[in-house]
Amino acid sequence: MHNLNGKIVVASHNEGKLREIADLIAPFGLEARSAAQFALPEPDETGTTFEENAYIKAHAAAVATNLPALSDDSGMCADALGGQPGVYTANWAETPDGKRDFRIAMQKVEDLLRDIRAVDPRERTARFVAVICLAWPDGYAEYYRGEVAGTLVWPPRGEIGFGYDPVFLPDGYDKTFGEMTAEEKHGCKPGAADALSHRARAFQKFARARLGST
Ligand code: IMP
């Protein structure tokens with residue numbers, strides 16, 4: 001059976017994501033174990049969609065631990081760049097010595113937008129996408145997708161958060177994700193039914209379907 005009996009492995013080695021996922025799961029009484037606690041290797045993300053990559057990560061962790069596993073594959077899609085960097089969002093931050101530097105990645109996006117003279121905010125629209133995959137060792141999987149629309153600003157603003165947060169201004173807000181507290185980024189505005197961030201929206205769907213959340 002595909003139940004959640006309390007223990008779940010979070011199949012991510014990304015510290016920013018782990019922190020966010022642990023915070024999102026905590027209120028539901030799920031015991032989150034991290035991939036690092038099991039010394040799980042990081043599988044190659046060879047998929048071409050967020051769903052494929054999320055499955056690769058969650059299924060590998062489920063098989064290795066014999067527990068249900070949850071992964072998140074996410075990225076930023078700039079409309080004027082045909083949805084790039086998309087599933088390659090993390091790769092764009094790679095440095096020659098194999099580390100990740102998101103200032104380089106944000107600059108790369110900015111350079112490409114300037115190359116095509118995308119300076120007007122209307123030409124700089126983008127989305128953050130998160131797909132959560134919940135997989136069991138036998139290969140059964142469920143997917144929950146969250147998206148948030150916004151505009152890419154330059155220069156980067158704010159020191160909070162991670163990745164591309166400082167250049168992403170969500171629609172209807174005057175602060176970038178890099179200027180928002182975790183509560184502002186992942187919470188609901190008073191009166192709003194949906195959370196703000198792509199990851200929180202995907203989690204909301206997961207929690208409503210699987211954890212009895214309203
Ligand atoms: P992956 O899901 O591990 O392939 O990595 C996705 C990449 O997208 C991350 O390394 C971040 O750079 C970026 N990303 C995903 N979600 C967010 C977010 O909430 N804020 C900023 N960057 C994000």
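Order of appearance sets the numbers: ligands from 1, and atoms from 1 within every ligand. Just so it is clear, the structure is predicted and the values come from calculations on it, not from any experiment. Index from 1, following the sequence.
Counting only residues at least two apart or on different chains, the ring pair (Phe, Tyr, Trp, His ring centres under 6.0 Å) pairs with a member in residues 34-74 are Tyr55-His59. Each salt bridge (Lys or Arg N to Asp or Glu O under 4.0 Å) pair with one or both residues in residues 34-50, not counting sequence neighbours, appears once here: Glu45-Lys57.
Using a 4.0 Å cut-off between charged side-chain N and carboxylate O, Arg199 and Asp165 make no salt bridge. Checked for salt-bridge contact, Arg117 and Glu123 miss the test: no charged N lies under 4.0 Å from a carboxylate O.
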Write 'none' if nothing qualifies; otherwise put on separate lines each N/O atom of ligand 1 with a protein N/O atom under 3.5 Å away and their distance to 0.1 Å.
unit_1	atom_1	unit_2	atom_2	d
ligand 1	2 (O)	Lys17	NZ	2.7
ligand 1	2 (O)	Asp73	OD1	3.1
ligand 1	2 (O)	Ser74	N	2.9
ligand 1	2 (O)	Ser74	O	3.3
ligand 1	3 (O)	Lys17	NZ	3.1
ligand 1	4 (O)	Glu45	OE1	3.2
ligand 1	4 (O)	Asp73	OD1	3.3
ligand 1	16 (N)	His198	NE2	3.1
ligand 1	16 (N)	Arg199	NH2	2.8
ligand 1	19 (O)	Lys185	NZ	2.7
ligand 1	19 (O)	His198	NE2	3.3
ligand 1	19 (O)	Arg199	NH1	3.4
ligand 1	20 (N)	Asp165	OD1	2.5
ligand 1	20 (N)	Lys185	NZ	3.4
ligand 1	22 (N)	Tyr164	N	3.1

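Between Tyr164 and Phe102, a ring centre-to-centre spacing shorter than 6.0 Å is recorded.
Under the rule for a side chain to side chain donor-acceptor pair (under 3.5 Å), the partners of His186 that lie at least two apart in sequence or sit in another chain are Glu20, Ser197.
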